[in-house]
Amino acid sequence: METEDLPKKRKKESSHWWEGDQEDQSSIKWMSLEHHGLFFPPLYQPHGVPLVYNGEPIYLTPEQEEIATMWASVVGTEWETKEIFRKNFESSFLKILGENHKIKSLNGCDFKGISMHIESQRELKKLRPSEEKKTEREAKQKIIEEMGYAIVDNTREKISNIIVEPPGLFRGRGQHPKGGNIKGRLAPEDITINIGKRNKVPICPLPGHSWKFITHNNTTTWLAFYEDPELSFSSKKYVYLSAASKFKGLSDKLKYEKAKKLKEMIDEIRADYNKKILSDSSVNKQLGSALYLIDKLALRVGNEKTEDEADTVGCCSLRVEHIKFEKNHQITLDFLGKDSMRYFNTVQIVPEVYNNLKEFCKGKEKENDLFDLITAHTLNGYLRSFMHGLSAKMFRTYNASISLQQQLAKFKAKNQSVEEKVQFYTDANREVAILCNHQKSTPKNFEGMIEKLQEKLKEKLEDIRILEDHMKFIKTGRNSVDTERKLPCTEENTKKALAKAKTAVKNMEIKLKMKDDNKTIALQTSKINYMDPRITVAWCKKNEVPIEKVFAKTLRAKFIWAMYAETTWEF
DNA sequence: CTTTAAACTTAGTACGGATACC
DNA sequence: GGTATCCGTACTAAGTTTAAAG
């Protein structure tokens, strides 16, 4: 970003806050806070395409049509066939249509006309001249440049998202009991704004409307919040500064400092929970055993959930049905965790914990809690006794960071190319991602892509075979190779071509393996949230890997405070 | 003590532009 | 120069933690 191009009135950007002392953790977060408030997605534009109900075209009012169009955008996706999703949408939709409406069920509705209309609109948008797209993009950029920043104590900081969530269907993950409910359109009357007492109240962007409430709470870092009045179960949505801001960066840095402190006392803590595992008190046995699992397997703590949410668990909310006892003190954990991602792992544990867990299951039904005597709250209470502010999630941060550092320490520099070094880093990164169970769905058309690569690999192998035969021919003069391909004339060149083909095969094999290894593993999540960036920065500097090979632009901005780590820096 | 909720971090996915590939 | 794939980012859901309320 060329700073000289930015508007004159701009305040100083970024304060190099990481250079000074950051011990001051007072509850006052700012003295002055100014911003432009939030903006709203464009109003609904009716298209007039009818819905077909039992063969009959039904024209809807704009309000009804907007809701029908939300469903039409789901047609053809997995959402369309999810039972709860259908049921929830149906009841909201019928309510909006009114009691005496012709439409009595979702099953009789044919949204194809509307779906096709949306699709063609999308195509049209895609096919616009690139000039037009560029102009639109630049206009959007301009708005963000003008409105997407807050001034916090004289520093200009980027805001994460200044446009409120557009209306749509709630897409809860997994078997979410509220999926398919309608997220209504928000108005300024739903928005609470937080600004400094002496700062200007942002102008409400919709004429005739006004903000719900203006507050001056400088013990928090949010700029605005809202909740959907229609979606009773949903929680508040906060608008914060971006990840590159001081607020976020400082607390991120402190998080890693805390994880580092945990490293200093991890032996003490492990000794303590090992003692608890052998305790006479059942509560202590459970506390010790649960913490053992959190530490060893990097499990989340597992708060209780309500019936309005998907049935997922973490350590303290594990049920008897989620654990199986195997031979050699191995257990298999099989449960749905955050985002309904499956955790499925067979692992050997110490006999003491193995026996404890077995005992905790005794006499319980499969739907009973494994750790019935403790909660996330009590476990965190136990952790606080070791260190102020220590909580269960810190073990994930600590274990991810220490694991990365240990993996990277195994690196032996010996003339590797940058690509090979990056590959080594990625392998270390993958270990951490697996530990934290960070997953993604297999990319669409993954099979096809693999097949293509294998096809190419086969071709290359065939090349090698031909070249080898050709080599024999050159050497012996017998059995010239019958092929349409051009072959090198000299032995020297054949040798070269062969070597080149072999390297290509090796690279393709590596690529193929890497694709397969990574197909369901999300590497970014641990990079963004768990591994102390200073470990990465120090390793890159030491091994002459440009940091941008490992941290993309936004990550470098987020971790600006970590960029000064020296080669000798240690977690 | 238990429950609620405010405030913040962590998470996967959709999408569109950038880049590689033919 | 057009198309396929990659990659970064925007989006928003889903966790955790802790303070306050009941």
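Since the model is a prediction, treat every value here as computed from it, not as a measurement. Naming convention: chains lettered A, B, ... in sequence-line order (proteins, then strands); numbering from 1 in each chain.
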Exercise. Under 4.0 Å between a side-chain N or O of Tyr238(A) and OP1 or OP2 of dC8(B)?
Worked result: no
For this session: Provide, to the nearest angstrom, the distance between the NE2 atom belonging to His377(A) and the P atom belonging to dA5(B).
Result: 16 Å
For this session: Find the distance Asn194(A):CG to dA7(B):P and express it as a whole number of Å.
Result: 9 Å
Exercise. Between atom CD in Glu78(A) and atom P in dT13(B), what is the gap in whole Å?
Worked result: 10 Å
Problem set entry | Within residues 521-535 of chain A, residues whose heavy atoms come under 4.0 Å of DNA chain B | Thr525(A), Asn529(A), Tyr530(A)
Exercise. Can you check the Ile159(A) CD1 to dA10(C) C1' distance for me, whole Å?
Worked result: 15 Å
For this session: Could you tell me whether Phe559(A) and Phe551(A) have their ring centroids closer than 6.0 angstrom?
Result: yes
For this session: Report yes if a side-chain nitrogen or oxygen of Arg396(A) is closer than 4.0 Å to either non-bridging phosphate oxygen (OP1 or OP2) of dA11(B); otherwise report no.
Result: yes
Seminar exercise, completed: Assert: residue with more 5' nearest nucleotide on DNA chain B, out of Lys440(A) and Lys255(A), is Lys255(A)
For this session: Look at His438(A) and dG12(B) and indicate whether a side-chain polar atom (N or O) is within less than 4.0 Å of OP1 or OP2.
Result: no
Problem set entry | Reading 5' to 3' through nucleotides 11-17 of chain C, protein heavy-atom contacts under 4.0 Å coded B for base, S for sugar-phosphate only, - for none | SSSBSBB
Exercise. Which pairs, with at least one residue in residues 546-559 of chain A and sequence neighbours excluded, count as a side-chain hydrogen bond (donor to acceptor under 3.5 Å, both in side chains)?
Worked result: none
Exercise. Got a sec, which residues hit side-chain hydrogen bond (donor to acceptor under 3.5 Å, both in side chains) with Asp339(A), two or more places apart in sequence or on another chain?
Worked result: Arg173(A)
Exercise. Across the strands shown, which category fits Asp308(A) at heavy-atom distances under 4.0 angstrom: base, sugar-phosphate, nothing?
Worked result: nothing
Problem set entry | With Arg185(A) via salt bridge (charged side-chain N to carboxylate O under 4.0 Å, His left out) - residues at least two apart | Glu66(A)
May I have the list of side-chain donor-acceptor pairs in residues 295-302 of chain A shorter than 3.5 Å, sequence neighbours left out?
| from | atom 1 | to | atom 2 | distance (Å) |
| --- | --- | --- | --- | --- |
| Asp295(A) | OD1 | Arg270(A) | NH2 | 3.2 |
| Asp295(A) | OD1 | Asn399(A) | ND2 | 3.1 |
| Asp295(A) | OD2 | Arg270(A) | NE | 2.7 |
| Asp295(A) | OD2 | Arg270(A) | NH2 | 3.3 |
| Asp295(A) | OD2 | Tyr273(A) | OH | 2.6 |

Problem set entry | Whole angstrom value for the distance that separates C1' of dA7(B) from NZ of Lys29(A) | 9 Å
Exercise. Closer to the 5' end of DNA chain B via nearest nucleotide, is it Thr220(A) or Asp252(A)?
Worked result: Thr220(A)
Problem set entry | Separation of dG8(C) C1' from Arg556(A) CZ (nearest whole Å) | 12 Å
Seminar exercise, completed: Rounded to whole Å, the NZ-P distance (Lys519(A) to dG12(B)) equals 17 Å
For this session: Can you tell me the distance, in whole Å, between the CG atom of Leu299(A) and the C1' atom of dT10(B)?
Result: 16 Å
Problem set entry | Residue list, side-chain hydrogen bond (donor to acceptor under 3.5 Å, both in side chains) with Asn194(A), at least two apart or on another chain | Thr220(A)
Seminar exercise, completed: Across all chains, not counting sequence neighbours, the salt bridge (charged side-chain N to carboxylate O under 4.0 Å, His left out) partners of Lys258(A) are none
Exercise. Between Arg319(A) and Asp311(A), does at least one N-O distance fall below 4.0 Å, as a salt bridge requires?
Worked result: yes
Problem set entry | Contacts of type side-chain contact (heavy atoms from CB on, under 4.5 Å), residue Ser385(A), not counting sequence neighbours | Tyr382(A)
